[in-house]
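In what follows, a structure is listed as structure tokens, so that the remarks can point back to it.
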2 protein chains.
Amino acid sequence: MLLRYTRRRAGGSLVKTVIGVHSRTMARDIQERIKKLIIDRRLAPGAPLPTETDLMALLGVSRNSVREALKALQAMGIVEIRHGFGTYVGPMSMAPMTEGLAFRTVAGHYRGEDSLLQLLELREAVETGLIARLAGQVPAADLAELDELVARMAAEAADGAVRADTDRAFHAALYRGLDNRLLSEVLDAFWEAFHRVRTDLAGLGADPRVTHRQHADILAAVRGGDAQRAEQAVRRHFDNIRQRLRSSGPK
Amino acid sequence: MLLRYTRRRAGGSLVKTVIGVHSRTMARDIQERIKKLIIDRRLAPGAPLPTETDLMALLGVSRNSVREALKALQAMGIVEIRHGFGTYVGPMSMAPMTEGLAFRTVAGHYRGEDSLLQLLELREAVETGLIARLAGQVPAADLAELDELVARMAAEAADGAVRADTDRAFHAALYRGLDNRLLSEVLDAFWEAFHRVRTDLAGLGADPRVTHRQHADILAAVRGGDAQRAEQAVRRHFDNIRQRLRSSGPK
DNA sequence: CTAGCTCAGTTGGTTAGAGCAGCTGACTCT
DNA sequence: AGAGTCAGCTGCTCTAACCAACTGAGCTAG
């Protein structure tokens, strides 16, 4: 693959040059080969991978190259490395996405973008879009769990602040009804990225009683099968968070 | 952080051991420090980072460790490395997520899971959830672009097959109206992951005329401001893809 | 017999130094 | 001026050695 670009000479004239984009780097190749190995051998998450020494022999490259490839795969959650123990197929969770999103948001924030708000609005767009289909469709078991979580919020609100875990569990339990594990993981990743960045940058601080009441509203609407009311309740919830974000403000 | 687990002794009795989960690895530390460097210096995507040699001196670690950290950051899209030129702040796009999702899906598929279907249903859930809010709200400029894309689909359908790019551009232009760059990127990442895995595993093959007509339906409904019809049109579109998936089948 | 310790062996982590490979910018030649 | 050359950056790969974490089996004391 070739790429064309111009550069300025000393005289001031422009010259076109063709440069290779290559990227045909060893570590990159090795990554692909290890991925292929996982697929070809049908290795499940948790299954052991060859040792670094074995991989050197198997792939015919040096230890450094093997390690660089493994580090990259580790960053993607594809492998898991345990010192003194071995290398294993990773959990393939959405954790790396959370990581990437969080960093992107923090970096953007410090450069003056409203990236945190954008992340919140991503969540709002997706969750309000999904809630309507959930109204009246939530399994009884999940409703019971949601009841318990709302009760816990009430108790925690009385103590001063709703725990982050409780909020997270509520959102997780709510969308579990859509019966798509991948979707649940993605939503949870969004939640965690937002939460991490928010506590890092803006400090927390919503009125816990408002938080409790809004979750109770969402649950009631969903249980009642009223799609429109459910959507409004979710939107109000996000409005509340947004307002808190704006007031604690661009710092 | 400590983790407890059991192991079986030769004699058959069980022993509890406490092992450190550590992960207090050098490369991991360095990753954090480089991230911090990007944030502290407010470096924008494309900005140059210190050379490997500079980083060695700056962080007081060996070259290998610096490189392993950079490889990991590269895998997350946080830095971009160009051989013989330098290291730069990466685009922070959703490309790594696409990569991870695609691999996860392929690996799951070969292990007998219906991961590709799950990915499709993730897209379906999110897109059908969003489309209602779009009905009647798409800017005129986007509508014009969508018209052109549908026309192009018609032309391509006559030639035998709708190009993947065209389909992708349609979905991108459609949700652009939600005015959230992050959301657009996420949806595009889902699209690309699905498309990559699908062509790899199942081969393509939808009836191009059906594809064209369904996109035209979606556009018409959105233009007409009919939220319910728009949602149905999107759902039908995904139903079609799902059917094709099932027929080309679990192989 | 059991609980607990020790230690050799395996596996990943880190460092160092050398040489290879790609790109730039200035210099030189025509 | 335009085109080719090359010194000097930058990242890439390899080798070799040693450090650090964990396992499993054997040993010791009770």
Side-chain angles (χ1 to χ4, degrees), chain A residues 1-31 34 48-74 79-88 90, chain B residues 1-31 34 48-74 79-88 90:
Chain A
M1 177 178 169
L2 294 174
L3 185 70
R4 215 175 299 274
Y5 78 106
T6 59
R7 64 180 163 131
R8 177 169 294 278
R9 299 191 65 177
S13 60
L14 288 177
V15 180
K16 280 184 195 296
T17 315
V18 180
I19 61 172
V21 150
H22 305 278
S23 307
R24 196 188 305 161
T25 142
M26 190 89 277
R28 197 72 93 160
D29 274 1
I30 300 176
Q31 285 178 45
I34 294 177
L49 254 44
T51 67
E52 292 184 351
T53 315
D54 288 345
L55 285 173
M56 286 171 62
L58 189 61
L59 306 175
V61 294
S62 80
R63 185 143 177 238
N64 274 346
S65 298
V66 168
R67 284 183 53 77
E68 288 183 7
L70 286 177
K71 283 292 175 188
L73 292 175
Q74 184 185 37
V79 308
E80 194 178 330
I81 305 177
R82 289 200 264 168
H83 187 176
F85 194 31
T87 307
Y88 299 81
Chain B
M1 180 175 168
L2 293 175
L3 187 69
R4 217 174 302 272
Y5 78 107
T6 58
R7 63 181 164 132
R8 177 169 294 279
R9 296 192 64 177
S13 59
L14 286 179
V15 180
K16 279 186 197 292
T17 315
V18 180
I19 62 170
V21 149
H22 306 280
S23 307
R24 198 188 304 161
T25 143
M26 188 90 281
R28 198 72 94 161
D29 274 1
I30 300 177
Q31 284 177 46
I34 294 177
L49 252 45
T51 66
E52 292 184 353
T53 314
D54 288 345
L55 284 173
M56 288 171 62
L58 189 63
L59 306 175
V61 295
S62 78
R63 183 111 186 256
N64 276 346
S65 298
V66 168
R67 285 183 52 76
E68 287 182 6
L70 286 176
K71 283 293 175 189
L73 292 175
Q74 184 185 38
V79 308
E80 193 178 330
I81 305 177
R82 287 200 264 167
H83 186 176
F85 194 33
T87 307
Y88 300 81

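Here is how names work: the chains are called A, B, and so on, in the same order as the sequence lines, proteins then strands, and each is numbered from 1.
- Remark: B/T25 is in phosphate contact with C/dT14, judged by side-chain N or O atoms under 4.0 Å from OP1 or OP2.
- Rounded to whole Å, the distance from CG on B/L70 to C1' on D/dC12 is 12 Å.
- Side-chain contact between A/T25 and B/K71: present, with at least one pair of heavy atoms (C-beta onward) separated by less than 4.5 Å.
- Position along DNA chain D of the nearest nucleotide to B/G86 versus A/A27 favours B/G86 as the more 5'-ward residue.
- Within residues 49-60 of chain B, no residue is approached by DNA chain C to less than 4.0 Å at the level of any non-hydrogen atom.
- B/R82 has no side-chain polar atom (N or O) that falls below the 4.0 Å cut-off from OP1 or OP2 of D/dT10.
- The base of C/dG13 is paired with the side chain of A/R63 by a donor and an acceptor separated by under 3.5 Å.
- We find that CZ of A/R67 is positioned 18 Å from P of D/dA16, with the value rounded to whole Å.
- Separating the CD atom of A/Q31 from the C1' atom of D/dT13 is a distance of 15 Å, rounded to the nearest angstrom.
- Regarding B/M26, its CE atom lies at a distance of 12 Å from the P atom of D/dA20, rounded to whole Å.
- Under the 4.5 Å side-chain criterion, counting only non-hydrogen atoms from C-beta, A/E80 is not in contact with A/Q74.
- The two residues B/S65 and B/I30 come nearest to each other via the heavy atoms CB-CD1, 3.6 Å.
- Two residues are said to be in side-chain contact when any heavy atoms from C-beta on lie closer than 4.5 Å; B/L55 and B/L49 fail this criterion.
- Across D/dC12, C/dT15, C/dT24, the shortest atom-to-atom separation from the side chain of B/F85 is found for C/dT24.
- Listed nucleotides: C/dG13, D/dC12, D/dC14. Nearest to the side chain of A/V61: D/dC14.
- In this structure, the side chains of B/R82 and B/T87 stay at 4.5 Å or more apart for every pair of heavy atoms.
- Going from atom CD of A/E68 over to atom P of D/dT13 covers 7 Å, rounded to whole Å.
- If A/G84 and A/S65 are placed on DNA chain D by their nearest nucleotide, the residue sitting closer to the 5' end is A/S65.
- Rounded to an integer number of Å, the gap from NZ of B/K71 to C1' of D/dG11 is 9 Å.
- Atom-to-atom, NE2 of A/H83 to P of C/dT10 comes out at 16 Å; the value is rounded to the nearest Å.
- Per the geometry, CD belonging to A/E80 stands 15 Å off C1' belonging to C/dT11, to the nearest Å.
- Nearest heavy-atom pair across B/V61 and B/M26 is CG1-SD, 3.6 Å.
- Side chains of A/L59 and A/D29 form no contact here, defined as non-hydrogen atoms less than 4.5 Å apart.
- A donor-acceptor contact under 3.5 angstrom links the side-chain atoms of B/N64 to the base of C/dT15.
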